[in-house]
Amino acid sequence: MRGKKKKRILMVGGDQRDLYLLKSLAEMDAAVSAFALPKTSLPAGVSYCLKPEKAMAQADVVILPMPGISADGKLYAPLVQGDVYLTKEQWQSVKEETLILVGVAADMLKILAAEKRWELVETAELDEIAVPNAIPTAEGAIKIAVEETPFTIDGAEVVILGYGRVGEVLAKKIKALNGNVTVVNRGKKRLEQAKTDGFQVGVWRNLGELVAKSDIVYNTIPSLVLTGSVIAKMKSSACIIDLASKPGGTDFAAAEKQGVKASLAPGLPGKVAPQFAGELLGKVYPEIIAQFFEEQANREKTQKTMPRKMEKKSSLEQAEELTEEHKVRIRKKAVAAATTKINGKVRKAQKKVEFFEQSGEEIKKTANKGKKKQQTKLRNQGE
Ligand code: NAP
């Protein structure tokens, strides 16, 4: 008897972290290959792909680096020479229902995922990753302040925008270095938490006044909050360190015009603690992949044991097909919404798919009831 075909995992691009991750993946019962990483750095058991096409078409799982790809298809691959692009056409070759793991997905990837029914997981938002990663992010953010400012953090006025996972860890570390921290957060609950944690807190309408007396402004909010008019109030000796995901929350052009030093600092865990960040991925990703394989195997098993389709369609089958049609229609809408970059609409549309799946169950129940009624009627007629 021929052995079971091994599942294929492909990693495309990545940095030092991904080499640690590959080490863990190589221990899985799967065929692991890598593209756009240096051949000589690959751990034992991982095969090297010079060209990605065949491997992409055969993969059951495709892993992209945390920053993923940019809108024009440029892959984050700092360990190899030159720019690497993966075009939309190349992505089209990836099979339906493939698992795609990426820190943050570009719109192009989201659109394709909806079209091709990939299981797309944006891992940067998973608590198992985001919570531990807040530590190296905060350490990296402090490193930038130490290197980029002519003063000490000790005694500096520091404003932190956002008191989420990163904001909280950063605020506590700056406080430990004797910086004077003020936290600003949109939601009341987290603002109250900041107060309980012993920080001064500020409100949005006073943001101008707060930044006017600050030496360092850290932003962790992925939305434009440091606008030109807010930056105009800052001292020219002050600096902005924006930690939010691209494009950040700062009007960088306005900062430059007004002579305020501002920098966007993405990918800090990978830069300041690649071993920590890579081992973290190496712990979480194999769990996600193993669960995906298990669910896939269960689905295949169910499909194999399904009875053969009867010649004449029952009302139950018709009901199932009807809900399938709904799903296809809604999925198309999701793709259209993603195309116009309205992510809220994508989520709404996905919710609708779930709704139709649920209502499909209802239709099935009604059809079943009808079937039972019909059977009873026939029985009664026979009697
Ligand atoms: P988080 O726990 O979700 O916190 C996000 C914070 O932003 C919360 O305080 C939230 O306030 C606030 N916020 C979100 N949208 C807002 C809006 N439209 N207006 C005002 N406030 C808003 O996220 P996190 O893990 O701390 O990460 C923060 C950012 O850093 C993300 O963009 C993440 O991708 C990025 N990040 C960067 C690095 C790096 O290396 N630079 C590393 C890790 C994470 P509420 O409480 O009101 O919701």
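Note that ligands are numbered from 1 as they come in the structure, with each ligand's atoms numbered from 1 the same way.
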side-chain hydrogen bond (donor to acceptor under 3.5 Å, both in side chains) involving Thr137 - partner list, sequence neighbours excluded =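 Partners of Thr137 under the side-chain hydrogen bond (donor to acceptor under 3.5 Å, both in side chains) test: none.
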Can you list the residues that meet the side-chain hydrogen bond (donor to acceptor under 3.5 Å, both in side chains) rule with Glu148, with sequence neighbours excluded?
->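 Expected list: Lys261.
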[X] side-chain N/O to [Y] backbone N/O, donor-acceptor pair under 3.5 Å:
X	Y	value
Thr220	Leu161	yes
Glu122	Ala105	yes
Lys116	Gln92	yes

Side-chain atoms of residues 73-88: list all donor-acceptor pairs with protein atoms under 3.5 Å, sequence neighbours left out, distances to 0.1 Å.
from: Tyr76; atom 1: OH; to: Asp15; atom 2: OD2; distance (Å): 3.0
from: Thr87; atom 1: OG1; to: Gln90; atom 2: N; distance (Å): 3.2
from: Thr87; atom 1: OG1; to: Gln90; atom 2: OE1; distance (Å): 3.3

Run through ligand 1 for me and note each protein residue having a heavy atom under 4.0 Å from it, chain first, then residue number.
->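 Protein residues near ligand 1 are Thr137, Gly162, Tyr163, Gly164, Arg165, Val166, Asn185, Arg186, Gly187, Arg190, Thr220, Ile221, Pro222, Ser223, Leu243, Ala244, Ser245, Ala265, Pro266, Gly267, Leu268, Pro269.
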